There are 2 protein chains.
Amino acid sequence: MLLSKSCMYGLRASVLLASRENAEFVTIRELSDELNISFYFLTKVLQQMTKANLLESYKGPNGGVKLAKPAGEIRFMDVVIAIDGLKSLNECALGLPGCGVMKPCPLHEQWSALKTDMLNMMESITLKQLSIHERTAKASDQTIDIKNRINTFFEPN
Amino acid sequence: MLLSKSCMYGLRASVLLASRENAEFVTIRELSDELNISFYFLTKVLQQMTKANLLESYKGPNGGVKLAKPAGEIRFMDVVIAIDGLKSLNECALGLPGCGVMKPCPLHEQWSALKTDMLNMMESITLKQLSIHERTAKASDQTIDIKNRINTFFEPN
DNA sequence: ATATATTAAGACATAAGACTCTTTAATATG
DNA sequence: CATATTAAAGAGTCTTATGTCTTAATATAT
Ligand code: FES
Ligand code: FES
């Protein structure tokens, strides 16, 4: 598993929030219902994102969470860093210390090339792009309404 | 973490075994000492590889483990499959079920491209290549003898 | 003020992964 | 045969990740 479950949950919620960028605060309960993620657990994950200034939260009636910046300004990578941390992005494939810093392991050359591609991807893709992809998919399948479609994207495990 | 620790341990041990392909059985104790991995734990991991017919084991005096085939015929991927399983190679980046089979998630296109590269790498690299890389590295640093060099590759965490 | 809605924080529970130890089985050697 | 050496198998422990619940804090509305 490349990303932790927490991180995947955070990403799913982010994309959903991005697809409603117009909206005001969305309750975590609504997100967790739609994504089939434990409300309690998702709450913890989104707290991490709030601390990292990716989300803004508001307590009380009409409260909830929303993206702290335009979806086009939040990179895939930002979410990963907020939840799994920077270290998770620079690990040696064989788990040895100091990948890229110390003596490279036998896999380093190949692995770091892949890692570069992966980082480029994470750096270039924004939540906006992910949410647009979602919309396009929806448009191409007119028989399924929006809510339904999001639900099929984010089916329970 | 892309690969489990078990898997990384198995790979490290494999490369070490490959670099001694000439040798007869090597005891797990010797491997665990040289790689700074718990002997008990490594034993379990190598058992999985033996069951998968990647290693051959022999009990009793002068026993141990050795590669079951020439190092050039064992692919990186074979070790990963033996230890982490096939499923680990085809996961959705967002943890959704049926990546590549069911409706793709918003990240699928980008992620599956990366995954293809990764699988190609795992499929094309053999233990022989990894061990040769190791030898080359050694040759370029004459001041450090072989055993020492392996030890610096495989430092404790 | 009081009641209600909501996130934050912290404590707790369960499951999975990582690691350890003990016992058993196979083999070799004297 | 007796003893030593080694991996296999199984049970147990420790740690980390995941998931749940309760209480506190903050905001709104009546
Ligand atoms: S040192 Fe192992 S991948 Fe970089
Ligand atoms: S469905 Fe998500 S990466 Fe393929």
Side-chain angles (χ1 to χ4, degrees), chain A residues 1-13 17 23-33 35-68 80 83-85 87-88 91 94-95 156-157, chain B residues 1-13 17 23-33 35-68 82-85 87-88 91 94-95 156-157:
Chain A
M1 217 168 27
L2 184 68
L3 305 173
S4 71
K5 281 195 163 194
S6 294
C7 191
M8 299 188 296
Y9 294 165
L11 285 164
R12 293 192 218 167
L17 282 172
E24 274 310 291
F25 290 102
V26 179
T27 67
I28 299 176
R29 177 69 68 182
E30 194 178 336
L31 293 172
S32 69
D33 282 351
L35 299 171
N36 281 292
I37 299 173
S38 145
F39 163 73
Y40 297 125
F41 197 60
L42 186 58
T43 296
K44 295 292 188 194
V45 173
L46 298 190
Q47 271 172 35
Q48 293 183 266
M49 293 185 60
T50 303
K51 279 179 191 157
N53 296 311
L54 299 178
L55 297 184
E56 205 175 313
S57 72
Y58 201 80
K59 291 176 184 171
N62 309 317
V65 294
K66 68 177 180 186
L67 299 183
V80 174
I83 300 176
D84 279 348
K87 263 182 298 181
S88 74
E91 284 175 329
L94 298 183
N157 301 340
Chain B
M1 218 170 23
L2 184 67
L3 305 173
S4 70
K5 280 195 162 195
S6 295
C7 191
M8 298 188 297
Y9 293 165
L11 284 164
R12 293 192 219 167
L17 282 173
E24 274 310 291
F25 291 102
V26 179
T27 67
I28 299 176
R29 176 69 68 183
E30 195 177 338
L31 294 172
S32 70
D33 281 352
L35 298 171
N36 281 294
I37 299 173
S38 145
F39 164 73
Y40 296 126
F41 196 59
L42 186 59
T43 295
K44 296 293 189 195
V45 173
L46 298 190
Q47 271 171 37
Q48 294 183 265
M49 293 185 60
T50 303
K51 278 180 192 157
N53 295 311
L54 298 178
L55 297 184
E56 206 174 312
S57 71
Y58 201 81
K59 292 176 184 171
N62 308 317
V65 294
K66 68 176 180 187
L67 299 183
I83 299 176
D84 279 349
K87 265 182 298 182
S88 73
E91 284 176 328
L94 298 183
N157 302 340

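Convention: sequence-line order gives letters A, B, ...; per-chain numbering from 1. Keep in mind that this is a model prediction, so the values were computed, not measured.
Atom NZ in A:K66 sits roughly 16 Å away from atom P in C:dT6 (whole-Å rounding). When the P atom of D:dT6 is taken as reference, atom CG of B:L42 falls 15 Å away, rounded to whole Å. Distance CD (A:E56) to C1' (D:dT26): 15 Å, rounded to an integer number of Å. D:dT6 atom P lies 10 Å from atom CD of B:E30, rounded to whole Å. Here D:dT6 presents its P atom at 12 Å from CG of B:L31, a figure rounded to the nearest Å. To the nearest angstrom, P of C:dT6 lies 13 Å from CZ of A:F25. Rounded to whole Å, atom P of C:dA8 lies 12 Å from atom CD of A:Q48. The CD1 atom of B:I37 sits 12 Å away from the P atom of C:dA18 (whole-angstrom rounding).
For the pair B:S4 and C:dG17, the criterion of a side-chain N or O lying under 4.0 Å from OP1 or OP2 is not met. The shortest distance between the side-chain N/O atoms of B:N62 and the OP1/OP2 oxygens of C:dT29 is below 4.0 Å. At the phosphate of D:dG19, OP1 or OP2 sits under 4.0 Å from a side-chain N or O atom of A:Y9.
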Dump every N/O contact between nucleotides 1-3 of chain C and the protein below 3.5 Å, one line per pair.
none

Look for any protein N or O under 3.5 Å of an N or O in nucleotides 8-14 of chain D and output each such pair with its distance, or none.
from: D:dA8; atom 1: OP1; to: B:S57; atom 2: OG; distance (Å): 2.8
from: D:dA9; atom 1: N7; to: B:K44; atom 2: NZ; distance (Å): 3.2
from: D:dG10; atom 1: N7; to: B:K44; atom 2: NZ; distance (Å): 2.6
from: D:dG10; atom 1: O6; to: B:K44; atom 2: NZ; distance (Å): 2.7

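A:C7 and A:V80 get closest at one heavy-atom pair: SG-CA, 3.7 Å. A:S32 approaches A:R29 most closely through the heavy-atom pair OG-O, 3.0 Å. Here the closest heavy-atom approach between residue A:V65 and residue A:L17 is recorded as O-CD2, 3.9 Å. Residue A:V45 comes nearest to A:S6 through the heavy atom pair CG1-O, 3.4 Å, listed as atom of the first residue, atom of the second, then distance. Minimum heavy-atom separation, A:F25 to A:G64: CD2-O, 3.4 Å. Heavy atoms only, all atoms of each residue included: A:I83 and A:S4 are closest at CG2-OG, 4.4 Å.
DNA chain C is contacted by both B:F41 and A:G63; A:G63 maps to the nucleotide lying nearer its 5′ end (nearest heavy atom per residue). Place A:F39 and B:R29 on DNA chain D by their nearest nucleotides, and B:R29 ends up nearer the 5' end.
Closest to the A:P61 side chain, of the nucleotides D:dG19, C:dT4, C:dT27, is C:dT4. Counting only heavy atoms from C-beta on, B:S38 has its side chain closest to C:dC19 among C:dC19, C:dA5, C:dA28. In this structure, the nucleotide among C:dT4, D:dA4, C:dT22 sitting nearest to the side chain of B:Y40 is C:dT22. Residue A:K5 places its side chain closer to D:dT18 than to any other of D:dT18, C:dT6, C:dT20.
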Task: From CA spacing to verdict: side chain to side chain contact (heavy atoms under 4.5 Å, CB included), B:L31, B:L46 - done: CA-CA 11 Å; B:L31 294 172; B:L46 298 190; 3.9 Å; yes
Task: Check against side chain to side chain contact (heavy atoms under 4.5 Å, CB included), B:M1 and A:M1 - done: CA-CA 6 Å; B:M1 218 170 23; A:M1 217 168 27; over 6 Å; no
TODO: For side chain to side chain contact (heavy atoms under 4.5 Å, CB included), just list the numbers for B:E30 and B:T27, CA-CA rounded to whole Å, side-chain angles, deciding distance to a tenth of an Å, and then say yes or no.
DONE: CA-CA 5 Å; B:E30 195 177 338; B:T27 67; 3.3 Å; yes
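Residue B:M8 holds its CE atom at 13.0 Å from CG of B:L35, rounded to the nearest 0.5 Å.
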